[in-house]
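Read the structure below first, then the notes.
Counting starts at 1 for both ligands and their atoms, in listed order. Residue numbers run from 1 in the order of the sequence given.
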Amino acid sequence: MAKPISLEKILFSQGFGTRRYCSDLVYADLVKVNGLLAEDPEERIATEGLVLTVEDRDWEYHEKAYIAFNKPENYECSHKTTHHPSVYSLLPSPFVERGLQCVGRLDFDTTGLLLISDDGQFIHKMTTPKKNIGKVYEITTPEPITQSQIDHLLNGVVLDDDPKPCFAVACNQLTEYTLAMTIVEGRYHQVKRMMAAVGNHVAKLHRTEIGAYLMPTDLAQGEWRWLYPQDLQMLSKSVTA
Ligand code: URA
């Protein structure tokens, strides 16, 4: 069981502002601990199963945050954006305050499953090709997808900035114009460049799956949800497991 921590420290760790601001939130009667109004920012609280209510909104305590987000089109996965608003503008401010980062980036026009976390080890594990964690992209093309294009993707494609070929680890043709392709790397514009290299193009790109974790069907575009240990287990499944 984790050691109890002062309420002020807990609020700070969850991204509610400076220690001073967090303490003022308590004095202003804006914080509840497991449904009961808190009075003392120094009070030590057990973090297991803790639910805070801050300014009338409930917040589960998470030592490290793991979030699944359904990314809409026309948002950039960056804090300093160039042409489009940031995905971080769609997340509650405590997430940004506590330093959550996208786990790999999706292009501004790519939609679908995006992980967001403040656990550096997790981010590394999910993005390194060494762990063989598959990312499944549903690709819509303007030209019919041919078997020879699929063979080429599976046999390896050389992109212009690296002589080392990149491979699709699986291809599942869904319709004449849609393909579900699994890759384990995350090179710059990788799917778009792979499709161009085999003589087709990407009209739409949507990520549906990471590891063995599928985008929840009830997670609407622009919405997020907490990931729990059983979800993290699914996410960690490698394509070779
Ligand atoms: N590959 C791409 O080309 N774009 C993405 O957003 C993700 C993978």
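- Side-chain contact between Ile116 and Phe95: absent, with no pair of heavy atoms (C-beta onward) separated by less than 4.5 Å.
- Sorted by chain then number, the residues whose non-hydrogen atoms approach ligand 1 to under 4.0 Å are Leu106, Asp107, Thr110, Tyr137, His189, Gln190, Val191, Lys192, Leu205.
- Taking CG from Leu7 and CD from Glu39, the interatomic distance works out to 11.5 Å, rounded to the nearest 0.5 Å.
- Listed by first and then second residue, the salt bridge (Lys or Arg N to Asp or Glu O under 4.0 Å) pairs involving residues 221-235 are Asp218-Arg225 (not counting sequence neighbours).
- Tested against Tyr137, the residues Leu113, Val191, Leu179 include a single side-chain contact (heavy atoms from CB on, under 4.5 Å) partner, Val191.
- Applying the salt bridge (Lys or Arg N to Asp or Glu O under 4.0 Å) test to pairs two or more places apart or on separate chains, none has a residue in residues 72-90.
- A search for side-chain hydrogen bond (donor to acceptor under 3.5 Å, both in side chains) contacts involving Asp29 returns nothing, not counting sequence neighbours.
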